[in-house]
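Taking it in order: structure first as structure tokens, then the write-up.
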Protein chains: 2
Amino acid sequence: MTITKHLPGLPLERALGVISGRWKAVIVHVLLSGPKRTSELGKHIPSLTQKVLIQQLRALEDHGLVFRTAGADDAHRVDYALTPLGLSLEPLIAQLRAWGEHHAEELDDTDRLLPCEAVVRPLISS
Amino acid sequence: MTITKHLPGLPLERALGVISGRWKAVIVHVLLSGPKRTSELGKHIPSLTQKVLIQQLRALEDHGLVFRTAGADDAHRVDYALTPLGLSLEPLIAQLRAWGEHHAEELDDTDRLLPCEAVVRPLISS
DNA sequence: CTTTCCACCCACCATTTGGTGGGTATGATG
DNA sequence: CATCATACCCACCAAATGGTGGGTGGAAAG
């Protein structure tokens, strides 16, 4: 039942395979601030459609970065949270961010950079 | 004249955009051991076809990680080398590799990992 | 002069990816 | 009971990506 994209054999490419994908890093970023429901994630990332959200979540699940907790039978109170493996991504993500900025600076392209809020809506309150 | 994929605004995704691509990381890896000619690169990475090699090299060039040195007019003695920006990728690549291994271990998937030599041929001699 | 090697380019194809717009079953709310 | 929100699934589409198989023009080697 796995969507599991057979990850490449080289560790480096395996890592890239796991975190690259149009929204994966963003989702992980949001989940770093605690578990969220499907709809919350959707609200945090308005430009992301439901289908794609779920696609990405499934992939993250398959790769062991995220886990689902559903209430009882199925559905209606689903939470997604990072696994330890997901959490272990944090420093890597930080370094990628830093390098991305460095890259933009070196290429005098900093004005094309967007702040996080351009994509991730804060959504005040608990 | 740029093939330049318009990199995403978020620094994190920008970084991913720059290094993800079927062979980019491998090529950078090879270039870390010094400048190489087009054909040398091809020999180091047998499973990579010429067209795709050049494609990837162009992308790396556009993104400022690599530069070309051609002799005189054009062609026939072309070298590709990493720019400082390209070199600055080294620690990031190392961390990605490490995390890829970690990921495989956590998922008891280490047997699917390939050693570098499965893809990059050493090619003894200078 | 012919052959080989080198650094390419081009037309074309297959797969993958993200994305749109519907639909469904269920529980909660008025 | 009618309506709404949640957490999905499905058929379908469009763009991007990787890849194949053929060139080309020029330097170098036999």
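Being a predicted model, the structure only gives us computed values, none of them experimental. Proteins come first, then strands; the chains are lettered A, B, ... in the order of their sequence lines, and each starts at number 1.
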Hey, is the side chain of [X] poking within less than 4.0 Å of OP1 or OP2 on [N], counting only N and O atoms?
| X | N | result |
| --- | --- | --- |
| A/K36 | D/dT6 | no |
| A/R58 | D/dC8 | yes |
| A/T38 | D/dC8 | yes |
| B/W23 | D/dG19 | yes |
| A/S39 | D/dA7 | yes |
| B/Q50 | C/dC6 | no |

Atom-to-atom span, [atom1] of [X] to [atom2] of [N] - whole angstrom:
| X | N | atom1 | atom2 | answer |
| --- | --- | --- | --- | --- |
| A/H6 | C/dT16 | NE2 | C1' | 12 Å |
| A/E61 | D/dA7 | CD | P | 14 Å |
| B/Q56 | D/dG18 | CD | P | 5 Å |
| B/E13 | D/dA16 | CD | C1' | 16 Å |
| B/L53 | C/dC8 | CG | P | 10 Å |
| B/Y80 | C/dC8 | OH | C1' | 8 Å |
| A/K24 | C/dT16 | NZ | P | 14 Å |
| A/Q55 | D/dA7 | CD | P | 18 Å |

>> Rounded at 0.5 Å granularity, tell me how far CG in A/L60 sits from CG in A/D62.
In response: 9.0 Å
> At what distance, to the nearest 0.5 angstrom, does NE2 of A/H29 lie from CH2 of A/W23?
Replying inline: 12.5 Å
> Taking B/T69 for the side chain and B/D79 for the main chain, is one N or O donor matched with an acceptor at less than 3.5 Å?
Replying inline: yes
> Backbone N or O of A/H102 within a donor-acceptor pair of the A/E105 side chain at under 3.5 Å?
Replying inline: no
Measure from the side-chain heavy atoms of [X] and tell me the nearest of [options].
| X | options | result |
| --- | --- | --- |
| A/T49 | D/dA7, C/dG18, C/dT20 | C/dT20 |
| B/I54 | C/dC6, D/dA7, C/dC8 | C/dC8 |
| A/K51 | C/dC8, D/dG18, D/dC10 | D/dC10 |
| B/R37 | C/dA7, C/dC6, D/dC8 | C/dA7 |
| A/R22 | C/dG19, D/dC8, D/dG18 | C/dG19 |

> So which heavy atom on B/L12 is nearest to which on A/A25, and how close?
Replying inline: CD2-CB, 3.4 Å
> Can you name the closest pair of heavy atoms from B/L114 and A/L10 and give their distance?
Replying inline: O-CD2, 3.7 Å
>> At 10 degrees resolution, what angle do the end axes of the helix from C/dA7-D/dT24 to C/dG30-D/dC1 form when each is taken over five base pairs?
In response: 20°
